[in-house]
Amino acid sequence: MNIPLLYELVGVILLGMGLYSLVVYSHPVRKILALNVSGAGVFLFLVAAADRTSGPLPDPVPHAMVLTGIVVAVSATALALALACRIHQVSGTAPLTDNEPE
Amino acid sequence: MENSLNYAAIAFDGVLALVLLVLAWQLLRSPNLFKAIVLFISFGLMLSLAWIRLKAIDIALAEAAIGAGLTGALFLTALDRLQRREENDREEQDARWKSQEKKPIITTEASDQGLAAMIRKNKNHFFSRPLQTIAAISVLALTCILGWTVWTLPPFSDQMSALVSSNMPISGVENPVTAVLLNFRGYDTLLEIGVLLLAAVGVISVAPSAVMRTGSSPSPILLLLIRLLLPFIILVSGYILWIGKYAPGGAFQAGAVLAAGGILLATAAVRFNLSASKAMPLATGIGLLIFLLVALATMIICGNYLQYPVALAGTLILVIEAAATLSIAAVLVRLFVGVKSDTDNPAPGEDSQTLIFEEENTIK
């Protein structure tokens, strides 16, 4: 088993775990966390796939894409969190009593 | 010797992969949200180790500063804000009960239990066990299909990296990732700066206050730490920006480091007013502005959008990156303050006593 394949598979599993949690849990902060984990899975897959070159150096194009992606992910996370705070402030309905996973 | 090193590397990768999966599992399943966020921060740090193993030093730098540091700070402040408001609500409710001089029939503990039971019931109603099973099965199927696809990928693919390395001499820089980001795929980066600005506009419209308050005065240790660290943060940010031409580094990492300095400053002030400085809106917009100006100028002179003249490419990239660094830092600080700031009741007459840091200081 070579190194890129190992990390690619980890990325795919992270994506699955994140997606499942995104669907199942209702707390907004938990959903945003789950989205970040699945995003990390996609990034891990892309960077690991970039290492599938015959030379010693990895492919720089996916690296640039992931770098862009990380910055966009953090700004999307901040916007989502600000929206979650605002929703709770206005409606008070965000389910905040926790202990969701059993 | 080489063989044993090889085994050590394989063992390290195996352990790291396992740690990543276990951390992700734990953070998604943790009943306590605070614990989940702390686990998420350590997950980000482990991930930056994985980037180093995959020879992606640029991404490791960005991940350590943004993925682990900044995202964690954003989550913690949002959670703090949500939970603090919940406590306020409960206090208000108690006060209302007291003013009516009618004691609640059920004790607080019992009512909490009742609430928890209600929510559990509500949750079951909202997402019943069969639905959860369906979700699990579909996600599992998707994961298996993707895993199979990954397994059958061709072992090597050199087309894009060959294209990049053959064009490196005309890119104006020596680091291939910087060349892709700001020259070959400059269009993507231009749009990305636009997305950042859009996120900042979104956060401003949801949480318009640019003033952040912390409950108590900052600890002297934090103030001393800032005095010692801030000059180095600015210096390191400048260095990372400059070195991006030759080695891993560049605008994103430099902007993230500078933003860390701004956020440190914001957490240390009793009252942090982002709009006190006129430089702040300028810094927020300058990245996109300079990028667009360069794009238009190159379109007029060279005929194509973002086609740099070869002799000037290095200089133009550095100018764009410097402006983008300021913008990225300003936007990230704005996002943090937007999530953190309380828009509820600005207390009047508090200004005269509070400590105001101007964001300008971090930019100079």
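Labels below follow one simple rule: chain letters A, B, ... track the order of the sequence lines, proteins then strands, and each chain is numbered from 1. Every heavy atom of this structure was used, including side-chain atoms; hydrogens, water molecules and symmetry mates were not.
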Evaluate E8(A) against W151(B) for side-chain contact (heavy atoms from CB on, under 4.5 Å), listing each step before the verdict.
CA-CA 9 Å; E8(A) 279 166 7; W151(B) 190 268; over 6 Å; no
Answer key: most heavy-atom pairs under 4.5 Å with chain B among G16(A), P58(A), P60(A), G39(A) is P60(A)
Heavy-atom closest pair (L79(A) atom, A199(B) atom, distance to 0.1 Å) is CD1-O, 4.0 Å
Okay, L47(B) and chain A: the region with an atom under 4.5 Å from a heavy atom over there is side chain
Per-residue tally against chain B (heavy atom, under 4.5 Å) across L19(A), L15(A), V47(A) peaks at V47(A)
Assert top hit (heavy-atom pairs under 4.5 Å, partner chain B, pool V71(A), V37(A), V66(A)) equals V71(A)
Smallest heavy-atom separation, H63(A) atom then V177(B) atom, equals CB-CG2, 4.0 Å
Counting heavy-atom pairs under 4.5 Å with chain B, the top scorer among F43(A), Y7(A), F45(A) is Y7(A)
Looking only at L44(A), I32(A), T77(A), the option with the highest number of non-hydrogen pairs under 4.5 Å against chain B is L44(A)
Highest number of heavy-atom pairs under 4.5 Å with chain B among I70(A), T68(A), L83(A), I13(A) belongs to T68(A)
The reported gap from CZ in R86(A) to CZ in R81(B) (rounded to nearest 0.5 angstrom) is 8.5 Å
Exercise for review: List the steps and the verdict of side-chain contact (heavy atoms from CB on, under 4.5 Å) for V180(B) and M65(A).
Suggested key: CA-CA 9 Å; V180(B) 172; M65(A) 280 162 66; over 6 Å; no
Per-residue tally against chain A (heavy atom, under 4.5 Å) across D13(B), I66(B), L181(B), L70(B) peaks at D13(B)
d(R30(A) CZ, S30(B) OG) to nearest 0.5 Å is 6.5 Å
Cut-off 4.5 Å, heavy atoms of chain A, and the answer for F184(B) is neither
Closest non-hydrogen atoms of F43(B) and A40(A), given as atom of the first, atom of the second and distance, are CE2-CB, 3.8 Å
Note: R29(B) and Y25(A) closest approach over all heavy atoms is NH1-OH, 3.5 Å
Honestly, the part of L61(B) sitting under 4.5 Å from a heavy atom of chain A is neither
Given L20(B), L153(B), L146(B), the one with more heavy-atom pairs under 4.5 angstrom with chain A than any other is L153(B)
If one checks every heavy atom of L18(B) against chain A at 4.5 Å, the contacting part turns out to be neither
Shortest non-hydrogen pair, I3(A) vs R53(B), comes out as CD1-NH2, 3.5 Å
If one checks every heavy atom of L74(B) against chain A at 4.5 Å, the contacting part turns out to be both
Chain A shares the most heavy-atom pairs under 4.5 Å, among G202(B), A136(B), G44(B), with A136(B)
For L14(A) and A24(B), the nearest pair of non-hydrogen atoms, with its separation, is CD2-CB, 3.3 Å
Taken to the nearest 0.5 Å, the spacing of L335(B) CG from L81(A) CG works out to 10.0 Å
Ranked by heavy-atom pairs below 4.5 Å to chain A, first place among L140(B), D188(B), L196(B), I328(B) goes to L196(B)
The interface call for W51(B) against chain A, heavy-atom contacts under 4.5 Å, is side chain
Requested in this report: Would you check, one step at a time, whether the test side-chain contact (heavy atoms from CB on, under 4.5 Å) holds for V61(A) with S161(B)?
Outcome: CA-CA 7 Å; V61(A) 179; S161(B) 45; over 6 Å; no
Bottom line for F40(B): the part with an atom under 4.5 Å from chain A's heavy atoms is side chain
Turns out that what part of S21(A) lies under 4.5 Å from chain B's heavy atoms comes down to side chain
If one checks every heavy atom of L57(A) against chain B at 4.5 Å, the contacting part turns out to be neither
When rounded to the nearest 0.5 Å, the distance separating CG of L9(A) from CG of L21(B) is 10.0 Å
